[in-house]
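Everything numeric here is computed off the predicted structure, so don't read it as measured data.
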Amino acid sequence: MNRRSPQSCSKIRRCGHAIFRPVEAELKSVMSSQPTASLESLQQAERVWSRRLSLGLLALAAGSLSLLLVQPRNEPCGRFWIWWLAPVAERLYCAGQQAQQGQLASLQQALFLAQTIPASDPLFDTAQRYIEQWTWQAIDLAKVKLDQGDLAAAVAILKQIPTVKCRDRDCAQTAVTERLEQWPQLWTAAEQLVAEAEAELLQLQWDRAAALASGLLANESRYWNSQRYESLNRRIAAVRSPKGPFPTVAQQLRKGDLDSLLAAVRQLQTVPTTSPVRDVADANLKRTGDRLVDLAKTALDQRQLTAVEQVITTLQTVPALQSTAQDLQQLQTWQVRTWSGEVPDLAKAVAVAATYPRDRPLATVIQQYSSRWQSEIEDLRRLAQAEQLAASGRIEDLLQALSSIRLIAETNPRSAQVKRLQQSWQARIEQSEDQPTLQTADRLAAEGKLLEAIATAQRIFPGRALYTAAQVRVQNWQLQIDAQGDRELLTQAQAFAASQDWDSAIRIAQQIPPGRPLYNAAQAQIRAWEQARPPLILPDDPAAPARGELPPNLPIPTGR
């Protein structure tokens, strides 16, 4: 703070002397006039002196403060803490001096001073225009931070701008409120666009990534619509370049077969570690490695060890996937051991897998196989118990054994054996249930009750073990029934032929359809009867000879 001038200090001293001199004179007069003054008079003098002393101190303080506040015109605006007590013109002048510095703190001080000018003052409108102007300057400072990529600093500046009352809809304070709401939203939207574009780029979907990146151009911040957009666009161009390996890798990944995926790994390893898109190569190496592991698992389940070895060898060439290759090789060893289908081998594989570290790349896959091996052990025990139960041959035991092995998973190595046992036991159950029905049908047929025998045999439904045998019997019995009816028809036809009623005989014999036992015999009879039947003479034909006469133009036999 600037030192006070000697003139100001002398004024303060004269003011103090003027206040305290009467008090001192009065005290001297009291003491000199009454050397033996009473206590009461002394107390009264003391009270008077105290009141005048208090008033003097107050006057001295007021004078000092007024001298401090009323600065000379030629002094700079260097004491902000007393500006708000200065005259309005000086206040507004000093506020302008602060705003000219262009710093956030000075703009805050300028806005604070301008807001202290009352509405009744002639300079109030001028102060309001300055407030609007300086607020926009502070917003511009925040925008600079936003364009530099520092959202936190930009928002902090906006929050530090003093709140003022808006005089119209488009005032600067409204702009502050809007930007406090919009800038974080724009920032979040831009970050999401970049994240989505990067995700598409990692999937080698560069067209989708470019479409997402173009959304940054509409962002208000130059940080996003220029700096980050150009950076992202360069990455997209590097990935989609036909000179690089990624277009070929994309085609190989779309094919998805073992040879294509192995070739994709080799292509991705050609990307230099210093490349700006090396992270894309690493991500696709991890992605391709996962797909190779899936193919290896399928090959392992199908016992195609050559394909598994190819995957392991390729993964070992990638530093980031060497641990995965080790896990896959260990899994192969254990899985091959379980192919024996014996409980001890399965139990040993389960025990070893239980101690495998949980932080390994394929720890989850190994635990899945371990659960499968445990299920196979339970299935083998269930199968042994079911076979022992079915050995009795009783229907109730066979049903219980069949119900038990139906719980065995189809992925069990002995699933083929399980299916054979199911078919065998089911057939035995059905034979035991349907054999009495078939025997009853045979007895009825032996008694000549063919229709009843057929109806009884047809109670055995399709899909049952004895259904085919029952259908053979039904067909034979039906043929017997058909043969009996056809024999009666042929007998009637022969009776008409004996009386030379050839037409009736032929008509009745033709009722025996093809495929019947007597069909061939009936057709032979029909041909003989047609030859024996005399030709048909039409009565309305004038050229036709009378019965017993020879046809015209035929030679008359000479008897030789």
Inset, instruction - Please identify each residue that fulfils side-chain contact (heavy atoms from CB on, under 4.5 Å) with Q385, with sequence neighbours left out. - result: none
Legend entry - E181: partners by side-chain contact (heavy atoms from CB on, under 4.5 Å), with sequence neighbours left out: Q185
Show the atom names and distances, to 0.1 Å, of all donor-acceptor pairs under 3.5 Å that link a side chain in residues 376-383 to residues at least two apart or in another chain.
{"residue": "D379", "atom": "OD1", "partner": "R382", "partner atom": "NH1", "Å": "2.9"}
{"residue": "D379", "atom": "OD2", "partner": "N412", "partner atom": "ND2", "Å": "3.3"}

What pairs of donor and acceptor atoms, side-chain ones from residues 247-265 against any protein atom, are under 3.5 angstrom apart with sequence neighbours left out?
{"residue": "Q252", "atom": "OE1", "partner": "A264", "partner atom": "N", "Å": "3.2"}
{"residue": "D257", "atom": "OD1", "partner": "S260", "partner atom": "OG", "Å": "2.7"}
{"residue": "D257", "atom": "OD2", "partner": "D259", "partner atom": "N", "Å": "3.3"}
{"residue": "D257", "atom": "OD2", "partner": "S260", "partner atom": "N", "Å": "3.1"}
{"residue": "D257", "atom": "OD2", "partner": "S260", "partner atom": "OG", "Å": "3.2"}

Residues in salt bridge (charged side-chain N to carboxylate O under 4.0 Å, His left out) contact with [X], at least two apart in sequence or another chain:
X	result
D397	R394
R222	none
D345	none
R235	E198, D279

Legend entry - Partner residues of Q148 under the side chain to side chain donor-acceptor pair (under 3.5 Å) criterion, sequence neighbours left out: none
Legend entry - S226: partners by side chain to side chain donor-acceptor pair (under 3.5 Å), with sequence neighbours left out: none
Legend entry - Given V277, V239, V280, the one that forms side-chain contact (heavy atoms from CB on, under 4.5 Å) with L202: V280
Legend entry - R464 to F461 six-membered ring, cation-pi geometry met (6.0 Å, 45°): no
Inset, instruction - Please lay out, stage by stage, how K286 and D290 fare under the test salt bridge (charged side-chain N to carboxylate O under 4.0 Å, His left out). - result: CA-CA 6 Å; K286 176 64 170 61; D290 292 341; 2.9 Å; yes
Legend entry - Any pair counted as ring pair (Phe, Tyr, Trp, His ring centres under 6.0 Å), so long as it reaches residues 285-341, sequence neighbours left out: W334-Y356
Inset, instruction - Test K297 against D301 for salt bridge (charged side-chain N to carboxylate O under 4.0 Å, His left out), laying out the working first. - result: CA-CA 6 Å; K297 288 165 54 181; D301 294 340; over 6 Å; no
Legend entry - Expected output: side-chain T338 to main-chain Q335 donor-acceptor under 3.5 Å: yes
Inset, instruction - With sequence neighbours left out, write down each residue that passes ring pair (Phe, Tyr, Trp, His ring centres under 6.0 Å) with W425, or none if nothing qualifies. - result: none
